[in-house]
Amino acid sequence: MQKVGIIGVGQSAFVRGYEGSIRELVFEGFAEAMRDAQLKPQDIQASIICSAPEYDKQRTPAGLMAEYLGLNPQPTFYIESVCSSSSMGLRVAYSMIQAGLHEVVAVIGFQKMSEISSAESQERMGRGADIMWESPFGTMMPAYYAMHARAHMNTYGTTEEDLALIRVKAASYGQINEKAVYRKGVTLEKALSSDPVSTPLKVFDCCANADGSSCIIVASEKMAKKLSPKPVWILGLGAASAPINMAGRTTFTGLTCAREAAKQAYEMAGVGPQDIDVAEVHDCFTIAEMMAYEDLGFAEPGKGKELIRNKETYIGGKIPVNVDGGLLSKGHPIGATGGSQLRTITLQLRGEAGPMQVDGAKIGLVHNIGGVGIYGNVTILGRD
Amino acid sequence: MGFDRFGTVSFVSQSKVDKFVDFLDEGKVMGTKCKSCGAKYFPPRNDCAQCLSSDVEWFELTGTGKLATYSKLMYAPSGFEKDLPYRICVVEYPDGVKAFGRISAAISDDDLAIGMDLVAVPIKLSGNQVAYEFRRP
Ligand SMILES: [Zn+2]
């Protein structure tokens, strides 16, 4: 089987209250990726538009974006798996290229969350769970992840301070990422004393809502070698699902969809957790990063806290994680997040991550989750 | 009236298991059991994902479950603000059935502990709405 490569990456700055329309927001990430790949719109053979619905009023956004980005008459369509939409978009692009349908495909993610109020946003996010049997009790995303945090603490002795340490790390890197929405540092004291949102999670355990877009240009092996001096190869792809209703779950100390997706991705890439040089994980909440350490095999179940206590997930540690600030500080514009994570790892493997660079990174991993562990996507990238 | 009577705010107007709401009126929290393969479901389902039969019967969610996990919400989504603060949870029964819901306000935060015994009890809410909550046995 041929290889499939990433030949261009881009993202808008992640911001609070983007002053423009969704088409203009998407243009920013797309144009940066196209400049990176040195391509023109007519070179893109198909586009995949990824976002979560109901944050803006546009129905069928793929049609709008293809027109605005100069991508007619090529095929375009929409992919949705809430927060992991653009990782799922990458999976579809990979499949289309392997099938021989297209040689160069753009995966474009976006979200303008500020089109609606924060309370409306929480209500829509909450409806990303089971609206028939759970939403009538007044659920929202922080509460679901908080239940996982409570279970993790009870089972393994993880503490609120361990979770706060993850936020401190995220903020230290958000400060040096010019694309991040939250550019300030966070001290342990500040994180621990922030207001409770849904116990045991506090304000600083939650990611920053943001508006943003991302774009990944994916190409066949032949085209990647022809067009790019430094292609980054897709070594492994894993995807899995788990029951949307918490009553259907088998555990609350981890996400089974992430474990299953990781297993597939490691197997396909022929590598293990010990081979990963740098990782981007879906830290929509601090507990989500803690569970990711364990679900991805960076730590044994219950031992994730040792990684953060010993700073092993900082640059210079055993496995640097989210050294771009993660969702916590870089921000989480739902549909754009997976593409942004893929961009970060691509830049790391090309040695172009600037102050966030992990020296000599050869193999990187992206863990991108949709909803409260409904959809799990794990992607492993490598360079020549 | 159909399923729109379930919970503080319902997001589903009707379902083939609407009868769940009528059972709450009668003081019963009910799940479904597949007559073909015996799979038990809570929340109830009209259709069995194990054997794809749609021949199901009701069973009452009786007995004592154990608190698997919980969280106390200090913020609420639109429409639930007046309920704050409230605790949501998952309770696991001995036969493996799990149930999602709220913990009764009669149990204080300090008395909550994972593993504690709880029972599901139907309750009436304002505006003719109905639900269930978890209480001490
Ligand atoms: Zn059955």
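Residue numbers begin at 1 in each chain, while the letters A, B, ... track the order of the sequences.
K98(B) approaches T250(A) most closely through the heavy-atom pair NZ-CA, 4.1 Å. Considering all non-hydrogen atoms of both residues, M246(A) and V90(B) come closest at CB-CG2, 3.9 Å. Contact record, W133(A) with P43(B): CD2-CB, 3.2 Å, taken as the closest heavy-atom pair. When all heavy atoms of E120(A) and S78(B) are compared, the pair lying nearest together is N-OG, 3.9 Å. Between S198(A) and L73(B), the shortest heavy-atom contact is OG-CG, 3.6 Å. Contact detail for F6(B) and P136(A): the closest heavy-atom pair is O-CB, 3.5 Å.
For R127(A), the part lying near chain B is the side chain, with the backbone staying farther off; criterion is any non-hydrogen pair under 4.5 Å. Only the side chain of F252(A) comes within less than 4.5 Å of a heavy atom in chain B; its backbone stays farther off. Of the two parts of Y93(B), neither the backbone nor the side chain holds a non-hydrogen atom closer than 4.5 Å to a non-hydrogen atom of chain A. With a 4.5 angstrom heavy-atom cutoff, Y41(B) does not touch chain A via any of its atoms. Contacts between P85(B) and chain A at a heavy-atom distance below 4.5 Å are absent for every atom of the residue. Proximity to chain A involves both the backbone and the side chain of F11(B), based on heavy atoms less than 4.5 angstrom apart.
Contact of the T69(B) side chain with the H148(A) side chain is not registered, since no non-hydrogen atoms from C-beta on lie closer than 4.5 Å.
Heavy atoms of other residues, nucleotides or ligands lying less than 6.0 angstrom from NZ of K82(B) number more than 12. Within a 6.0 Å radius of NZ in K124(B), more than 12 heavy atoms belonging to other residues, nucleotides or ligands are found. Surrounding CD of E26(B) are more than 12 heavy atoms belonging to other residues, nucleotides or ligands, all under 6.0 Å away. Within a 6.0 Å radius of CD in E57(B), other residues, nucleotides and ligands contribute more than 12 heavy atoms.
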Self-check item: side chain to side chain contact (heavy atoms under 4.5 Å, CB included) between M132(A) and V17(B), worked out
Solution: CA-CA 11 Å; M132(A) 183 165 169; V17(B) 292; 3.8 Å; yes
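Residues of residues 99-110 of chain B lying under 4.5 angstrom from chain A, judged on non-hydrogen atoms, are A99(B), F100(B), G101(B), R102(B) by number.
In this structure, CZ on R87(B) lies 10.5 Å from CZ on R150(A), to the nearest 0.5 angstrom.
Not one N or O on the side chain of Y70(B) forms a donor-acceptor pair closer than 3.5 Å with the backbone of A151(A).
Remark: D195(A) pairs with no residue by the salt bridge (charged side-chain N to carboxylate O under 4.0 Å, His left out) rule, at least two apart or across chains.
Chosen from P44(B), S10(B), S71(B), the residue pairing most often with chain A at heavy-atom distances under 4.5 Å is S71(B).
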